[in-house]
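Only one structure is covered here, and it is reproduced in the block below.
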Amino acid sequence: MRGQLQLIDDAKATLGEGPCWDRVNGVLYWVDIIEKKVHVYNPLLNSKRVIQLEQCPGTIVPRKSGGVVLAMDRAFYALDLMTERLTLLAGIPNEPAENRFNDGKCDAAGRFWAGTTPLADIEPTGSLYCLEADLNVRHAFGGVVCSNGIAWSPDDKTMYYIDSLTREVEAFDYNAASGEIDGRRTVIKLPEGEGLPDGMTIDSEGMLWVAQWDGYKVSRWNPQNGERLEIIPVPAARVTSCTFGGEKLDELYITTARNGLSDQALAEQPLAGGLFKIKTHVSGAANHPFVG
C-alpha cells in the first residue's frame with residue numbers, strides 16, 4: 001500500500017533538481033540549480049545541510065572514492081564534502097557558452113551520464129555526454145533542447161532518456177560493457193495539457209517514474225506498452241525529478257521548483273520548491289556512484 005506524501009524540506013528552492021540517494025552514507029543529495037546550492041538531507045538525523053557554490057550544479061552523484069561529483073555549468077567537478085573544495089575533473093570545451101549541464105546519473109558500471117540545455121532559448125544545441133572512469137568525456141549525441149531524466153532497465157539492456165520539449169521518453173539498446181547505445185525509439189508520450197517530462201527513475205519491476213513539469217504529479221509508466229499505471233499528485237506545478245531512497249529503496253523523494261511562477265501561482269502553491277517523500281509499494285533502483 002502506498003503511503004501519504006510528506007513535505008521533508010520546505011526549502012523554497014528556485015529550481016530543485018537532481019535528487020540522488022547515497023546508500024553508503026544513508027543521505028539524499030539534491031541541488032538548487034539557480035541558487036547554486038547543494039542540499040544534503042540525512043533522514044536518520046533529520047538534518048539538512050546546504051553547501052553554497054559559485055556555479056550552477058545541474059546534477060549530483062556520489063563518488064566511490066568519497067565525496068560527490070557534480071555536472072556543473074559546462075564541466076564535471078569533484079566536491080569534497082568535508083572541506084567543500086571543488087576539483088575540476090573534465091571540461092567540455094566545445095559546448096556552447098550559453099549552455100549548462102542539467103540532469104544526469106551514473107550507470108551500473110559507474111559511468112556518469114549528463115546532458116546540457118541552452119540557458120535562454122529553445123534551440124537544440126544541447127548534448128548528452130558520458131564521463132568515463134578514466135575521466136575522458138564521450139559525446140553520445142547532440143540535437144537536444146533540454147536534456148533531462150535518464151534511467152536503465154533492471155537487466156541493464158535498455159537506457160531510457162528524456163529531452164523534455166519532445167514530451168517523450170525514449171529508449172536505447174544499451175551495451176553495459178562498453179556503454180554504447182543504439183536503436184533509438186519512443187516508448188512513452190505525455191498527453192497534451194500535462195506539462196513536460198522532467199527527471200525520472202525506475203523501479204525493480206522496470207516501470208518508469210516520471211516527474212511532470214507543470215503537471216502537478218509524478219506518473220508511473222510501463223515502457224513496454226506506454227501505459228500509465230499510477231499517479232502521485234504533488235502540491236506544486238513544477239515537479240522536477242524523483243529518486244528512490246531509504247534502507248529498502250521504497251521511499252520516493254520528489255523535488256520541485258518555483259522558477260518562473262507568478263506571485264499568484266506562488267500564493268496558490270506555498271510548498272513549491274519543497275522536497276517531498278512518499279512510501280511506495282515497490283522498491284526502486286539504487287543510484288550508482290561514479291567510479292573514477
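Note that the structure is predicted; figures quoted are calculated from it, not measured. Side chains are part of it too, since the values below use all heavy atoms of this structure and drop only hydrogens, waters and symmetry mates. Position 1 is the first residue of the sequence; numbering continues from there.
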Polar side chain donor-acceptor pair, S241 to T255, under 3.5 angstrom:
no
Salt bridge (Lys or Arg N to Asp or Glu O under 4.0 Å) partners of K157, counting only residues at least two apart
none
To the nearest 0.5 Å, what is the distance between CE on M200 and CZ on R220?
14.5 Å
Roughly how far apart are D80 CG and T87 OG1, rounded to 0.5 Å?
7.5 Å
Are the side chains of E35 and K12 in touch, meaning some heavy atoms are under 4.5 Å apart?
no
Got E251 and P43 here, is their nearest side-chain heavy-atom distance under 4.5 Å?
no
Which atom names give the shortest non-hydrogen contact between V137 and A90, and what distance separates them?
CG2-CB, 3.6 Å
Report all side-chain donor-acceptor pairs from residues 20-29 shorter than 3.5 Å, counting only partners two or more places apart or in another chain.
residue: D22; atom: OD1; partner: V24; partner atom: N; Å: 3.0
residue: D22; atom: OD1; partner: N25; partner atom: N; Å: 3.2
residue: D22; atom: OD2; partner: N25; partner atom: ND2; Å: 2.9
residue: D22; atom: OD2; partner: Y29; partner atom: OH; Å: 2.7

Please tell me whether V68 and V31 are part of a single hydrophobic cluster in this structure, the criterion being side-chain heavy atoms less than 4.5 Å apart.
yes
Under 6.0 Å from the CG atom of D134, do we count more than 12 heavy atoms belonging to anything else shown?
yes
Run the side-chain contact (heavy atoms from CB on, under 4.5 Å) test on Y129 and L131 for me, step by step, so that the C-alpha distance in whole Å, both residues' side-chain angles and the decisive distance to 0.1 Å come before the verdict.
CA-CA 7 Å; Y129 295 95; L131 178 66; over 6 Å; no
Does any part of the side chain of L5, heavy atoms only, come nearer than 4.5 Å to the side chain of I254, both counted from C-beta?
yes
Of all residues at least two apart in sequence or in a different chain, which pass the salt bridge (Lys or Arg N to Asp or Glu O under 4.0 Å) check with D250?
K279
So if you build clusters from Ile, Leu, Val, Met, Phe, Trp, Tyr with side-chain heavy-atom gaps below 4.5 Å, do I33 and V38 land together?
yes
Least distance between heavy atoms, A257 atom then A272 atom:
O-CB, 3.8 Å
Given side-chain contact (heavy atoms from CB on, under 4.5 Å), test L135 with F290 step by step and report yes or no.
CA-CA 10 Å; L135 303 185; F290 177 60; 3.8 Å; yes
Taking side chain as C-beta onward, heavy atoms only, is E54 less than 4.5 Å from L86?
no
Which distance, rounded to the nearest 0.5 Å, do you find between the CE of M72 and the OG1 of T59?
12.0 Å
If you take all heavy atoms of G183 and D173, which pair is closest and at what distance?
CA-OD2, 3.9 Å
Under the side chain to side chain donor-acceptor pair (under 3.5 Å) test, residues paired with E170 that sit two or more places apart:
R184
Would a 4.5 Å heavy-atom cut-off, applied to side chains only, mark T117 and R100 as touching?
yes
Is the closest side-chain heavy-atom distance between E230 and H281 below 4.5 Å?
yes
Go through the steps to decide whether W213 and T240 satisfy the test side-chain contact (heavy atoms from CB on, under 4.5 Å), and finish with yes or no.
CA-CA 6 Å; W213 175 272; T240 55; 3.7 Å; yes
Value rounded to 0.5 Å, distance of OG1 in T116 from CZ in R74
10.0 Å
Under the side-chain contact (heavy atoms from CB on, under 4.5 Å) test, which residues partner E268, sequence neighbours left out?
Q264
Those residues that, when tested against W209, pass ring-ring contact (aromatic ring centres under 6.0 Å, His included) (two or more places apart):
F244
Show every ring pair (Phe, Tyr, Trp, His ring centres under 6.0 Å) that has at least one partner inside residues 59-100, sequence neighbours left out.
F76-F101, F76-F112
Can you sort out the partners of D214 under side chain to side chain donor-acceptor pair (under 3.5 Å), two or more places apart, ordered by chain and number?
R238
Working note: L128 + D163, criterion side-chain contact (heavy atoms from CB on, under 4.5 Å); need CA distance, chi angles, decisive distance, verdict.
CA-CA 10 Å; L128 181 67; D163 179 355; over 6 Å; no
State plainly whether the residues E194 and R167 are in salt-bridge range, i.e. N to O under 4.0 Å.
no
Side-chain heavy atoms under 4.5 angstrom apart, residues restricted to Ile, Leu, Val, Met, Phe, Trp, Tyr: same cluster for V218 and L196?
no
Distance check, rounded to the nearest 0.5 Å: L208 atom CG versus I202 atom CD1?
4.5 Å
Within a 6.0 Å radius of atom CD on Q52, are there more than 12 heavy atoms belonging to other residues, nucleotides or ligands?
yes
If I compare all heavy atoms of I8 with all of F276, which pair ends up nearest, and what's the gap?
CG1-C, 4.1 Å
Determine whether Y253 and W30 fall in the same hydrophobic cluster, where Ile, Leu, Val, Met, Phe, Trp and Tyr are linked whenever their side-chain heavy atoms lie under 4.5 Å apart.
yes
Please name all residues satisfying salt bridge (Lys or Arg N to Asp or Glu O under 4.0 Å) with R111, sequence neighbours left out, ordered by chain then number.
D107, E132
Heavy atoms of K36 and C56 approach each other most closely as CE-SG, 3.9 Å
Let me confirm one number: the OG1-CG distance from T14 to D32, rounded to the nearest 0.5 Å.
5.0 Å
Compare every heavy atom of T166 with every heavy atom of K189, then report the nearest pair and how far apart it is.
NZ-O, 3.0 Å
Validation: residues 139-151 side-chain donor-acceptor distances under 3.5 Å, sequence neighbours left out:
residue: H139; atom: NE2; partner: S127; partner atom: OG; Å: 2.9
residue: S147; atom: OG; partner: Y161; partner atom: OH; Å: 2.8
residue: N148; atom: OD1; partner: N102; partner atom: ND2; Å: 3.2
residue: N148; atom: ND2; partner: S164; partner atom: OG; Å: 2.7
residue: N148; atom: ND2; partner: D198; partner atom: OD1; Å: 3.3

Beyond-backbone contact of L70 with Q55, side-chain heavy atoms, under 4.5 angstrom:
no
Which residues pass the side chain to side chain donor-acceptor pair (under 3.5 Å) test with N175, sequence neighbours left out?
S178
Applying salt bridge (Lys or Arg N to Asp or Glu O under 4.0 Å), name anything that partners E247, two or more places apart in sequence or on another chain.
none
Using side-chain heavy atoms (C-beta onward) and a distance below 4.5 Å, is L190 in contact with W221?
yes
If two hydrophobic side chains count as joined below 4.5 Å and joins carry through other members, does Y216 share a cluster with I231?
no
Evaluate whether atom CG of L88 has more than 12 neighbouring non-hydrogen atoms of other residues, nucleotides or ligands under 6.0 angstrom away.
yes
Within a radius of less than 6.0 Å around NZ of K217, do more than 12 heavy atoms belonging to other residues, nucleotides or ligands occur?
yes
